Amino acid sequence: MQKKLKLWDAIMLVMGSMIGSGIFIVSADMMRNLGSGYWLIVVWVITGIMTVAAAISYGELSALFPKAGGQYTYLKEIFGKKMGFLYGWGLFTVIQTGTIAAVAMAFGKFTAYLVPALNDAAPIFQSGEFKITWIQILAIGTIILLTYFNTRGVESGKILQNVFTGSKIIAIVGLIAAGFIFVDFSHLAENFSLGYDSFSNLKKDALGNFLKEGWEPIGGMTLLGGIAAAMVGSVFSSVAWESVTFVSGEIENPKKNVVKAMIYGTTAVMILYIAVNYVYLNALDRDSIAFAENDRVAVAASHFIFGSAGTVIIAILVMVSTFGCNNGLILAGARVFQTMAKDGMFFKQSEKNNKNEVPANALWMQGVWASILCLSGQYGNLLDMISFVIVLFYMITVFGVIYLRFKQPNLERPYKTWLYPITPIIYLLIGTGFCILLLIYKQQYTWPGFLLVLLGLPVYYFINRNKKIKE
């Protein structure tokens, strides 16, 4: 593969793949689970520590295995083909493609703010609860367009990524500044006045809407369950940074630049995320965050800051953010499926590059499946249950750093994990706590996603039925 991506391009890919629609929406549900500005920030800080610790740990593996395929390659090299395949299976069936679908739908929904006819139009097709809307068609259109751009060569995808990521970073920094400069009445003191106290157990009316007067104090294990539930949102908003490892084969000096991109990119994004949440807490009171219409807390905050123009400003910002995010996800994901095809673990057609030296067939397969998920209307449910699986695979990969230190201590390591073994242990402890609490309190987020990944086992054995498998 041609080395056309420099360090700056890799950082833009990390940041662009992370910042999608989540940061503009998930804080509403997080506040409903916690009922406290203090705990809202604590959860974002915990997520930030997790994310950066994982990126630092991944750096050692990226330097050891500077090839395309990233996390798939790490898991395959450390734990064998079966583990690598299960990750790749999950990535194709829902992790990467489901995220692409969800981000594309967010683009469509926020476009509908600017073009109300999209919301008002009758469904193109409807049968019972299943329907196809113009918003879904627009989402699919963006996936097809970005897939086409990326088949034109990595240069096209790189330029698009840098422009859109740069634009949304500038816009988010502007929103943060405005959130403190132009707010006449600050709610910060009010939102932090509850200190360590937390509240939740909200009741719903007959239509399923949360009742504002239902706040009840929570503590102990119930609070821990609330933290885990809240982290589903913050974790979902903070994943996909590992996408840069998928394109290692196209990055200059990957042994150094991939780890730098992951650490610099994840740190910058988590700082931005925490700052944005301070803006929400400064501009809005607790109820305005928790009960923001359609969970669009960024719209509520922007309306308070900018007046009636706020909705338009945020709609444009989210459109730019989601468009750039999907470009990064589409660019990176196809490289994993190409690498799997070379290992005989995916459709053979995905192995080839086109005349522009990019895996066009893998790009189109990814795009078609993501488009089908847009039509299914089920991608949101799939993503809710996949956060558990994403963290589980992160934990297995981070554990791989420790495992390799014992198994192959004499390997030449161009980069060694900073503060080893403390850094990977921090991630493993927080990740284990998150997964255990979800298993106890929020099983709808755990077993379905786990079973979906396990469905890959019969597929793996079917693919390898005529092969002598060496693990």
Side-chain angles (χ1 to χ4, degrees), residues 19-45 47 106-116 119 167-195 197-200 202 209-215 230 233-234 236-237 269-322:
I19 305 171
S21 58
I23 186 59
F24 306 108
I25 297 170
V26 298
S27 293
D29 184 64
M30 292 172 70
M31 182 61 88
R32 289 196 295 271
N33 279 295
L34 299 166
S36 159
Y38 172 84
W39 283 107
L40 180 70
I41 295 298
V42 165
V43 167
W44 278 105
V45 170
T47 305
F107 176 89
K109 288 177 179 178
F110 277 89
T111 303
Y113 265 114
L114 303 181
V115 187
N119 269 331
S167 299
K168 65 183 171 185
I169 290 170
I170 291 168
I172 290 171
V173 170
L175 175 65
I176 292 166
F180 288 97
I181 296 170
F182 298 125
V183 170
D184 295 326
F185 180 80
S186 171
H187 292 275
L188 267 182
E190 172 192 345
N191 281 317
F192 283 104
S193 65
L194 298 170
D197 295 333
S198 53
F199 301 82
S200 189
L202 295 173
N209 300 310
F210 287 99
L211 300 172
K212 294 183 180 181
E213 63 273 12
W215 295 107
S234 59
F236 170 67
S237 303
V269 169
M270 296 317 302
I271 290 170
L272 286 175
Y273 279 3
I274 292 167
V276 166
N277 277 275
Y278 268 102
V279 168
Y280 298 157
L281 293 169
N282 189 51
L284 304 168
D285 60 23
R286 179 178 67 178
D287 283 1
S288 298
I289 295 172
F291 306 110
E293 186 178 358
N294 294 320
D295 283 356
R296 294 186 175 104
V297 62
V299 171
S302 190
H303 189 272
F304 190 87
I305 297 165
F306 300 109
S308 57
T311 299
V312 175
I313 291 169
I314 284 295
I316 293 171
L317 172 54
V318 176
M319 287 170 65
V320 170
S321 180
T322 49

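In this chain, numbering begins with 1 at the start of the sequence shown. Computed from a prediction, not measured in an experiment: that's the story for all the values here.
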* To do: Please check if the side chain of Ser198 supplies one atom and the backbone of Ser36 the other of a donor-acceptor pair under 3.5 Å.
  => no
* Structure fact -> CG of Asn191 to OH of Tyr280, rounded to nearest 0.5 Å, is 13.5 Å
* To do: Enter the distance from Ser234:OG to Ile23:CD1 here, rounded to the nearest 0.5 Å.
  => 9.0 Å
* Asked: Hey, what do you get for CD1 (Ile289) to CG (Asp29), rounding to the nearest 0.5 Å?
  -> 13.0 Å
* **salt bridge (charged side-chain N to carboxylate O under 4.0 Å, His left out) partners of residues 278-292, not counting sequence neighbours, each pair once** => none
* Asked: Does any non-hydrogen side-chain atom of Trp39 lie less than 4.5 Å from one of Phe199?
  -> no
* Using atom types as modelled and distance alone, determine if a side-chain donor or acceptor of Ser288 lies under 3.5 Å from a backbone N or O of Leu284. => no
* Asked: How many angstroms lie between OG in Ser21 and CE in Met319, if you round to the nearest 0.5 Å?
  -> 13.5 Å
* **Contact check, side chains of Ser200 and Arg32, non-hydrogen atoms, under 4.5 Å** => no
* Side-chain heavy atoms of Leu281 within contact of Met31, under 4.5 Å -> yes
* **Contacts of type side chain to side chain donor-acceptor pair (under 3.5 Å), residue Asn277, not counting sequence neighbours** => Ser27, Trp44
* Structure fact -> Taken to the nearest 0.5 Å, the spacing of Ser167 OG from Ile172 CD1 works out to 11.0 Å
* To do: Could you list the residues that satisfy ring-ring contact (aromatic ring centres under 6.0 Å, His included) with Tyr38, not counting sequence neighbours?
  => Tyr196
* To do: Decide yes or no for Phe24 and Leu317: does some side-chain heavy atom of the first lie under 4.5 Å from some side-chain heavy atom of the second?
  => yes
Donor-acceptor contacts under 3.5 Å from residues 299-315 side chains, at least two apart:
residue, atom, partner, partner atom, Å
Ser302, OG, Gly310, O, 3.0

* Any side-chain heavy atom of Ile25 sitting closer than 4.5 Å to one from Val297? -> no
Check: residues 178-187 side-chain donor-acceptor pairs under 3.5 Å, at least two apart:
residue, atom, partner, partner atom, Å
Ser186, OG, Leu188, N, 3.2
Ser186, OG, Asn282, OD1, 2.4
His187, ND1, Glu190, OE1, 3.0

* **Results of ring-ring contact (aromatic ring centres under 6.0 Å, His included) for Phe107 - residues two or more places apart only** => Phe323
* For the student: nearest non-hydrogen atoms of Leu114 and Ile316, plus distance -> CD1-CG1, 3.9 Å
